[in-house]
Structures are given as structure tokens and as C-alpha cells.
Amino acid sequence: MSWFDDSIMARKGVAKGQAGATHSITEASQGKYHYVYGAYVEPVLTIDPGAVVSAETHDAFEGAIKAETDKPSEILNFPYLNPQNGPIWVNGAEKGDCLAVYIESVVPRGPQPRGTTVIMPEFGGLVPTADTAMLTTPLPERVKKLEITAEKGTVWNDRITLPYEPFIGTIGTAPEIEAISSLVPDYYGGNMDLPDVAPGAVIYLPVNTEGAYLYVGDCHAAQGDGELCGVAIEHPTVTTLRVDLIKGWTIRTPRLENEKFYMTIGSARPMEDAARGAYRELIRWMARDFGFEEIDAYMLLTQCGRIRLGNMVDPKYTVGASILKSISGIAR
């Protein structure tokens, strides 16, 4: 039995959609990519729980940066970054439910797949920004175009090749009433840039409105903790998801499960509030579903809890708090 057979998704998921139902969202069927999370546009696809969806995602710039001689400030129209596929309407999803999304694969797309990373004015973790205003002169703009293959990874230069470690930078459901930029992470998911949202993981997303309105995009070929300069190795992909529905499992913020650990995800400023939020939700999860007293879980996580930094550059920072399934009393 694989770990997935005993996952929360497998145990709680409805998965009563048409057997073997598969769908695709191509560039043509997507049409207009979206830069806002909300329930105010028509879904591009309607599915039953248990369906598999493959989406042709764009890079974070919707392909606008084509050469290393390009100047991002002259080409990009901020805040139109992070184009999203979807929204996807999930039949039966209602407020208070949870989407369980198993990430089957993230594969580079294109006849000659390439990735892009850039330095942009007032964007990044070690420079002044609109939210951290300073009189410092901006760094010079720079673009790197990089060859990518799933087998060999990303060629950085003639000495360094990074392994292909893809993940979904931006995924989530519609907020209940707001329409929020796809650059912003929050309780619905969004631009979390958390490397653990990767093939082989299940991400759990709160359903805030009927149909859920699932969005996905901004896939990365590689990224270190923090997405330090603000831009990972952005690349177009074919991303395949299995989308299920857990009725009545109400969660406040996204959660994640993979073979090794359970994780809760918090997004806030300052960064310590993101960590506090993530750890609080993990403690409450342990108390609700794993039989812990909250205070005992609090004490235990002090000894063995782990923190993963998603990004430290977006309008809100993202932190994942996790506990290993190997810890006694957690694995089920």
C-alpha cells in the first residue's frame, strides 16, 4: 500500500466523479488567462469530484520576456503577473467544504523548453520595494533565459546545472467576496511560492463559495527557500491535477500532505505572523484529527516542528509549518 492509499484525500475524499474522467485546459480553451482570484468570471471548465485535469500553464510573464536583452520594466505591465488557468468549477463544492488536489505531474512545455528569471526594479528580498521604501538606487535589471529538461534539469552556466524540482507557485480557490491579485497569498491559497506544492503532494484548499473556482499557474522549475530575488525559474508547463472534494471538512487556510509530513500554510506580514498562523493551524489540526490536546501539541511542536519559507518578497509572506509522519502518534 502506498502512502497515498492512507492519505487524508484517499480516506475522506468523495471521488465519485465519472470513472477515469479526464479534462484538459489548453491555451486555446483557456483563452484569457486571469490575474485575479475571484468568483466573478465564467469557469473555463466544470468537473465532477475525482476528475483529472491537465492545464497548459504560462510562465509568470505570460511569455512576454523573450530574450536576455529584454528590459522587464519596459515590457511587463505590473501587476499583470502570474497568469492563472481556470477557474475550474467543481460540482457539489460549497462553502465549508475542502478541495483536495493531488499534484500528479509538472512537465516543461514547448518544443525547446526554457525558463526565465529576472531582476526587476523594486522587487526582491534584498532591495527596497513599494512596501519597504528606501532611497537606495535600484539594482540594474537583468534577464537570464535558461534551458530546461525534466531529465537533466536547468542549465545555469557551463559549470552549474540545477536539478529539475518543479512545483506550483500559485494555486487556490476563490475568496468568498473579494477579488484579489494573483500575486497575493492568503487564506484561499494564491501565490504561496512554496516548493512543497510539488508532484506527489496533496494540497488541501478551503472552499469559500459555491463551485470552489480553482485556479492554478506560475509553475517553477527550481526555487530556493524565500524566492530571494523575487523570481524563481519561471517556465510554461503541462500540469496535471487530480481534483477531489471533501464534504464538511472545514479548514481555515491551506494544508498540505506528502509521503513524509503534514503541513499547514500561513501567509501574512510580518514573517513571524505567517509562522504563528501556520503553527496555530497545525496545532488545531493535531487536536481535531489526531487526538492531541492543544497544549500538548504546542509543546511537542516546540521540539520537532519544522518551518519552510515559501516567499519573502510578495505582498504577504508565506510559511509552512510541518510535522513528520514518523513522529509517534501522527502516522495513521
Side-chain angles (χ1 to χ4, degrees), residues 25 30-44 55 57-65 72-73 75-88 99 101 116-118 120-125 127-133 167-194 197 203 205-209 211-220 223 226-232 234 236 239 252-254 265-271 273-274 277 309-319:
I25 304 175
Q30 175 65 45
K32 179 182 179 182
Y33 286 75
H34 297 290
Y35 292 89
V36 168
Y37 271 49
Y40 302 107
V41 294
E42 287 295 319
V44 300
T57 72
H58 256 304
D59 70 13
F61 316 112
E62 203 169 336
I65 297 180
S73 63
I75 294 173
L76 302 178
N77 182 16
F78 189 88
Y80 289 91
L81 301 173
N82 283 5
Q84 298 294 293
N85 290 83
I88 299 168
L99 286 193
V101 182
T116 306
T117 187
V118 310
M120 296 186 292
E122 292 197 335
F123 195 70
V127 298
T129 68
D131 294 314
T132 306
F167 70 95
I168 300 170
T170 309
I171 186 171
T173 53
E176 182 175 10
I177 189 171
E178 303 99 325
I180 302 178
S181 166
S182 59
L183 288 171
V184 180
D186 211 314
Y187 63 93
Y188 50 84
N191 190 29
M192 297 175 288
D193 291 322
L194 192 68
V197 187
I203 186 164
L205 299 165
V207 175
N208 306 297
T209 189
Y213 287 82
L214 175 65
Y215 294 84
V216 61
D218 179 38
C219 294
H220 300 169
Q223 180 202 296
E227 198 181 24
L228 187 59
C229 80
V231 183
E234 316 285 344
T239 291
R252 184 178 178 275
T253 59
I265 302 169
S267 297
R269 278 200 183 210
M271 194 178 297
D273 280 351
L309 178 59
N311 77 74
M312 53 180 284
V313 296
D314 291 329
K316 294 184 179 181
Y317 304 142
T318 295
V319 167

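- Interatomic distance, OH of Tyr40 versus OG1 of Thr209, reported as 7.5 Å (0.5 Å rounding).
- To the nearest 0.5 Å, the span separating OG1 on Thr318 from CG on Asn311 amounts to 4.5 Å.
- With rounding to the nearest 0.5 Å, the separation of OG1 in Thr239 from CG in Asn85 is 8.0 Å.
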- Begin from the C-alpha positions of Glu227 and His220 and carry the test side-chain contact (heavy atoms from CB on, under 4.5 Å) through to its verdict. CA-CA 10 Å; Glu227 198 181 24; His220 300 169; 3.5 Å; yes
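- With a 4.5 Å cut-off on side-chain heavy atoms, Tyr37 and Asp186 do not count as touching.
- Every residue two or more places apart in sequence or in another chain was checked for a salt bridge (Lys or Arg N to Asp or Glu O under 4.0 Å) with Glu178, and none qualifies.
- Considering every non-hydrogen atom in both Phe167 and Asp193, the closest pair reads CE1-C, 3.8 Å.
- The minimum heavy-atom distance linking Gly310 with Gln223 is given by the pair O-NE2, 3.2 Å.
- Scanning both residues, Phe61 and Thr116, for their nearest heavy atoms gives CE1-CG2, 3.9 Å.
- Across every non-hydrogen atom of Leu99 and Ala212, the tightest pair is CD1-CB, 3.7 Å.
- Every residue two or more places apart in sequence or in another chain was checked for a side-chain hydrogen bond (donor to acceptor under 3.5 Å, both in side chains) with Thr129, and none qualifies.
- Counting only heavy atoms from C-beta outward, the side chains of Leu76 and Ile65 approach each other to under 4.5 Å.
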- Query: Please walk me through it: do Phe123 and Asp314 pass side-chain contact (heavy atoms from CB on, under 4.5 Å)?
  - Reply: CA-CA 9 Å; Phe123 195 70; Asp314 291 329; 4.2 Å; yes
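- Looking at heavy atoms from C-beta onward, Ile265 lies out of side-chain contact with Tyr187 at the 4.5 angstrom threshold.
- Atom CD of Glu42 is separated from atom OH of Tyr213 by 6.5 Å, given to the nearest 0.5 angstrom.
- For the residue pair Asn191 and Thr170, a side-chain donor N or O sits within less than 3.5 Å of a side-chain acceptor on the partner.
- Nearest heavy-atom pair across Asn82 and Ser182 is O-OG, 3.0 Å.
- In plain terms, the two heavy atoms of Asp131 and Arg269 that are nearest each other are CB-NH1, 3.6 Å.
- For the side-chain contact (heavy atoms from CB on, under 4.5 Å) test, residues two or more places apart in sequence or in another chain that qualify with Pro128 are Met134, Thr136.
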- I would like to know whether Val216 and Leu214 meet side-chain contact (heavy atoms from CB on, under 4.5 Å); could you show each step before the answer? CA-CA 7 Å; Val216 61; Leu214 175 65; 5.6 Å; no
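- The CG atom of Leu81 sits 9.0 Å away from atom CD of Glu234, with the distance rounded to the nearest 0.5 Å.
- When side chains are defined from C-beta on, Asp218 counts as touching Gln84, because their heavy atoms get closer than 4.5 Å.
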- Message: Glu62 vs Tyr35, test: side-chain contact (heavy atoms from CB on, under 4.5 Å). Steps then yes/no.
- Response: CA-CA 11 Å; Glu62 203 169 336; Tyr35 292 89; 2.2 Å; yes
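- Once rounded to the nearest 0.5 Å, the distance linking CD1 of Ile171 with OH of Tyr215 reads 13.0 Å.
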